[in-house]
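None of these values were measured; they are calculated from a predicted model.
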Amino acid sequence: VYPSKENPVILKVGDTDLMASDISAGGISFDNKNFKMGATYPLEITLPIINKTFIVETKIHKIDDKNICRCSIVGLSEDQEDQIHSYILARQKEEIAESKGKSF
C-alpha cells in the first residue's frame, strides 16, 4: 500500500530519516540516499494509524530508475508482521473510504 501524505510511514534507515514510498507484508520502498544495492541496514519503522514502532533490518535488492530502493524487511517477529498487516488493512480501508467519497 501507499502511505497517505497526512499519515506517512516514518523510517530511519541507518542514520537517515525517510518516509516509505510503499510498504507490504515483507517489503518496503524508500528514496535512495546513498544506500548500496545488496547492503543490509538497521531499520526503524513507525506505522501511523496503529501507532507502532519497531526496529528490524532492511536489505536493498534493487535501486530502480527513479532512484527508489526496493527492499525486504528482515527479522520481523510474528507480532511485528501482524502489526504491518493491521496497518495495511487499515490503510486499504482508508483508501476505499476516500474513493467512495469522490465522484467519478
Side-chain angles (χ1 to χ4, degrees):
V1 295
Y2 298 99
S4 69
K5 289 186 180 10
E6 302 79 35
N7 293 305
V9 173
I10 306 295
L11 307 175
K12 186 168 193 156
V13 181
D15 293 325
T16 306
D17 294 319
L18 298 160
M19 290 187 281
S21 304
D22 60 55
I23 186 168
S24 67
I28 197 156
S29 299
F30 47 82
D31 289 339
N32 183 16
K33 302 290 183 189
N34 297 315
F35 299 115
K36 304 282 181 240
M37 193 163 68
T40 300
Y41 296 92
L43 173 67
E44 181 178 309
I45 304 172
T46 301
L47 297 171
I49 306 171
I50 64 167
N51 298 315
K52 295 286 182 179
T53 299
F54 44 88
I55 297 170
V56 287
E57 291 186 326
T58 186
K59 179 169 179 153
I60 299 177
H61 295 285
K62 179 181 179 183
I63 299 172
D64 70 18
D65 56 359
K66 293 183 174 136
N67 210 28
I68 302 291
C69 296
R70 306 292 178 180
C71 313
S72 58
I73 302 171
V74 182
L76 287 170
S77 68
E78 255 183 72
D79 184 52
Q80 290 167 331
E81 274 188 52
D82 288 346
Q83 290 171 18
I84 291 176
H85 284 291
S86 294
Y87 167 75
I88 290 169
L89 181 60
R91 182 65 190 124
Q92 287 171 332
K93 287 178 180 177
E94 253 185 9
E95 288 175 331
I96 290 167
E98 287 168 10
S99 69
K100 285 185 177 178
K102 295 177 183 170
S103 57
F104 295 99

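In terms of heavy atoms, Q80 sits closest to G75 at OE1-O, 3.8 Å. Nearest heavy-atom pair across I73 and S24 is CD1-O, 4.4 Å. Taking every heavy atom of both residues into account, I63 and K36 meet most closely at CD1-C, 4.5 Å. Nearest heavy atoms, A25 versus L76: O-CD1, 3.8 Å. Nearest heavy atoms, P48 versus Y87: O-CD1, 3.3 Å. Closest of all the heavy-atom pairs between I50 and Q83 is CD1-O, 3.1 Å.
In this structure, CD1 on I96 lies 9.0 Å from NZ on K93, to the nearest 0.5 angstrom. For the atom pair CE (M19) and NZ (K5), the distance works out to 8.5 Å, reported to the nearest 0.5 Å. Atom NZ in K66 sits 11.5 Å away from atom OG in S29 (nearest 0.5 Å).
Between T58 and L11, the closest side-chain pair of non-hydrogen atoms is not below 4.5 Å. In this structure the side chain of T16 never reaches within 4.5 angstrom of the side chain of Y41, judged on heavy atoms. Contact annotation: the side chain of K12 approaches that of D17 to within less than 4.5 Å [non-hydrogen atoms, C-beta and beyond]. At a threshold of 4.5 Å between non-hydrogen side-chain atoms, the residues R70 and D22 count as touching.
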Exercise for review: Show the numbers, then the answer: is there a side-chain contact (heavy atoms from CB on, under 4.5 Å) between N67 and D31?
Suggested key: CA-CA 6 Å; N67 210 28; D31 289 339; over 6 Å; no
**Study point:** Verdict with reasoning, F35 to L18, per side-chain contact (heavy atoms from CB on, under 4.5 Å)
**Key:** CA-CA 12 Å; F35 299 115; L18 298 160; 3.8 Å; yes
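In terms of the side chain to side chain contact (heavy atoms under 4.5 Å, CB included) criterion, residue partners of S72 (sequence neighbours excluded) are, by chain and number, K59, H61, V74. I55 pairs by the side chain to side chain contact (heavy atoms under 4.5 Å, CB included) definition with E44, not counting sequence neighbours.
In the hydrophobic clustering of this structure, L43 groups with F54; members are Ile, Leu, Val, Met, Phe, Trp, Tyr whose side-chain heavy atoms approach within less than 4.5 Å, directly or through other members. I84 and I49 fall within the same hydrophobic cluster, defined by Ile, Leu, Val, Met, Phe, Trp and Tyr side-chain heavy atoms under 4.5 Å apart, directly or through other members.
For K33 and D15, the salt-bridge test fails: no basic side-chain N is under 4.0 Å from an acidic carboxylate O.
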